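Just so we're on the same page: letters track the sequence lines, and every chain starts at 1. Given the structure is predicted, the values throughout are model-derived calculations rather than measurements.
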There are 2 protein chains.
Amino acid sequence: MKIGELSRRTGVSVRMLRYYEAEGLLAPQRTGSGYRDYGLPEEETVRRIKMLGAAGMTLETIQQLLPCVRNNDPEFTPCNNLRKILADQVSLIDERIETLSQSRTILASFLSSVN
Amino acid sequence: MKIGELSRRTGVSVRMLRYYEAEGLLAPQRTGSGYRDYGLPEEETVRRIKMLGAAGMTLETIQQLLPCVRNNDPEFTPCNNLRKILADQVSLIDERIETLSQSRTILASFLSSVN
DNA sequence: CTTGACCCTGACAGTGCTGTCAGACCTTAC
DNA sequence: GTAAGGTCTGACAGCACTGTCAGGGTCAAG
């Protein structure tokens, strides 16, 4: 399928589909005239990228993870540092949540001082 | 005092001090030769900006708030939409925390599926 | 064969800071 | 007067995308 259709089917903009490719996460076939030609495997990959992205991951991180992802349940094939990447990611999110919580506390105290 | 000293005293880089000014949050005097000349009030302002920034605020938001801030306890003078700005800010942070929490859940499920 | 819809590449814009560098002036002290 | 250190402005870079536009091919239908 061509890029427009894939975009419609996945909800990912054409721009981002091309960006995924530029970042090395996708490598669709090309037609004789240079059009990108995606198959179902690529569509699956896009869905995985989307899912991982929804988990707050950077494309760079996703790229490291992608080779390890085989199904979209998601299941993963044994990949050496897969667990580490995921665990690090969780830590990262925890840090951010912690920072935001502190900010919230500060803000709340400001708010209460305005009574 | 000159910018370097203020930077040392507040822990805010010279670069950022100039940036605050460019964004309209600070307006130090100038010496005859064009050097920025900060007084204690400016130093206080910088501390407030730092505090508000630590609460995750954008300089733009801080700028709206700044005229309302009088002390660094912090206390605020009655400013019309001060409460609204602060409340909006808290909502914003809550949204972000919510998003991160969802991401964490997704990630955690990935992680458990790799067992 | 023409029109419209789609695709291609490359590049610029914007976000919200933050660092760094260049080229030049000021200040202080020796 | 000269050297070191501080300051000035202006501009470019980077992050991690995401939109949009320009200029130009391609494809299918009528």
Side-chain angles (χ1 to χ4, degrees), chain A residues 1-39 42-43 46 49-66 85 88-89 92-93 95-96 99-100 103, chain B residues 1-39 42 46 48-66 85 88-89 92-93 95-96 99-100 103:
Chain A
M1 79 192 85
K2 283 180 291 185
I3 200 168
E5 190 185 344
L6 181 58
S7 174
R8 253 170 271 125
R9 290 166 64 117
T10 59
V12 175
S13 76
V14 167
R15 176 72 176 84
M16 289 314 294
L17 253 14
R18 290 199 267 244
Y19 185 60
Y20 290 171
E21 185 177 348
E23 295 299 301
L25 282 78
L26 221 45
Q29 303 285 322
R30 294 288 184 134
T31 67
S33 58
Y35 280 22
R36 271 165 262 256
D37 187 18
Y38 302 90
E42 278 80 19
E43 184 176 341
V46 172
I49 293 173
K50 208 182 165 185
M51 207 183 315
L52 263 11
M57 286 189 192
T58 279
L59 282 193
E60 196 184 345
T61 304
I62 295 177
Q63 190 183 9
Q64 297 179 289
L65 234 49
L66 226 38
I85 294 176
D88 285 354
Q89 205 62 27
L92 187 60
I93 288 182
E95 269 177 39
R96 290 188 186 152
T99 300
L100 284 177
S103 297
Chain B
M1 80 192 87
K2 283 181 289 185
I3 200 168
E5 190 184 344
L6 181 58
S7 173
R8 253 169 272 124
R9 292 166 62 116
T10 59
V12 174
S13 75
V14 168
R15 176 70 177 85
M16 289 315 294
L17 253 15
R18 291 200 265 244
Y19 185 59
Y20 290 171
E21 185 176 349
E23 296 298 302
L25 282 76
L26 223 43
Q29 303 284 322
R30 294 286 185 137
T31 68
S33 59
Y35 280 21
R36 272 164 260 256
D37 187 19
Y38 302 89
E42 278 78 21
V46 171
R48 281 180 214 129
I49 293 173
K50 209 182 165 185
M51 208 184 313
L52 262 10
M57 284 188 194
T58 279
L59 282 193
E60 196 186 343
T61 303
I62 295 176
Q63 189 183 8
Q64 297 180 288
L65 235 47
L66 226 38
I85 294 176
D88 286 354
Q89 206 63 25
L92 187 60
I93 289 183
E95 269 176 38
R96 289 186 186 153
T99 300
L100 285 177
S103 297

Student: Show your working on salt bridge (charged side-chain N to carboxylate O under 4.0 Å, His left out) between B:R36 and B:E42 and close with a plain yes or no.
Tutor: CA-CA 11 Å; B:R36 272 164 260 256; B:E42 278 78 21; over 6 Å; no
Student: Indicate for each nucleotide in nucleotides 13-20 of chain D, in 5' to 3' sequence, whether protein heavy atoms under 4.0 Å reach the base (B), only the sugar-phosphate (S), or nothing (-).
Tutor: ----BBBB
Student: Is there a side-chain contact between A:T99 and A:R96, using heavy atoms and a 4.5 Å cut-off?
Tutor: no
Student: Answer yes or no: is there a side-chain heavy-atom contact under 4.5 Å between A:V46 and A:Y38?
Tutor: no
Student: Can you tell me the distance, in whole Å, between the CG atom of B:L25 and the P atom of C:dT18?
Tutor: 13 Å
Student: Atom CD of B:E5 and atom P of C:dT27: how far apart are they, to the nearest Å?
Tutor: 16 Å
Student: Assess the residue pair A:Y20 and A:V12 against the criterion (side-chain contact (heavy atoms from CB on, under 4.5 Å)); give the C-alpha distance rounded to whole Å, side-chain angles, the decisive distance to 0.1 Å, and a yes or no.
Tutor: CA-CA 10 Å; A:Y20 290 171; A:V12 175; 3.9 Å; yes
Student: Please determine whether side-chain contact (heavy atoms from CB on, under 4.5 Å) holds for the pair B:E23 and B:Q63, giving the CA-CA distance in whole Å, both sets of side-chain angles, and the decisive distance to 0.1 Å.
Tutor: CA-CA 8 Å; B:E23 296 298 302; B:Q63 189 183 8; 5.5 Å; no
Student: Starting at the 5' end of DNA chain D, which residue's closest nucleotide do you reach first, A:G32 or B:R36?
Tutor: B:R36
Student: How bent is the helix from C:dC1-D:dG30 to C:dC30-D:dG1, measuring the angle between the end axes built from five pairs each, rounded to 10°?
Tutor: 30°
Student: Taking only N and O in the side chain of B:S33, is any of them less than 4.0 Å away from OP1 or OP2 of D:dT7?
Tutor: no
Student: In whole Å, I'd like the distance from the CZ atom of A:R30 to the P atom of D:dG25.
Tutor: 17 Å
Student: Would you tell me if any nitrogen or oxygen in the side chain of A:T31 comes within less than 4.0 Å of OP1 or OP2 on D:dT26?
Tutor: no
Student: To the nearest angstrom, how far is A:D37 atom CG from C:dC7 atom P?
Tutor: 12 Å
Student: A:E21 has an atom CD; how far is it from atom P of C:dC7, in whole Å?
Tutor: 14 Å
Student: Provide the closest heavy-atom pair for A:I62 versus A:G53 in the form atom of the first, atom of the second, distance.
Tutor: CD1-N, 3.6 Å
Student: Does B:R18 make a side-chain N or O approach to OP1 or OP2 of D:dT9 shorter than 4.0 Å?
Tutor: no
Student: What closest approach, in Å, do A:I93 and B:L100 show between heavy atoms, and which atom pair accounts for it?
Tutor: CG2-O, 3.5 Å
Student: Nearest whole angstrom, please: distance from the C1' of C:dT27 to the OH of B:Y35.
Tutor: 6 Å
Student: Between atom CD1 in B:I3 and atom C1' in D:dC8, what is the gap in whole Å?
Tutor: 10 Å
Student: Taking atom CD of A:E60 as the centre, does the number of heavy atoms from other residues, nucleotides or ligands within less than 6.0 Å exceed 12?
Tutor: no
Student: Send over the distance from B:L26 CG to C:dC17 P, rounded to a whole Å.
Tutor: 15 Å
Student: Could you tell me which non-hydrogen atom of A:S103 sits nearest to which non-hydrogen atom of B:G56, and how far apart they are?
Tutor: OG-N, 3.8 Å
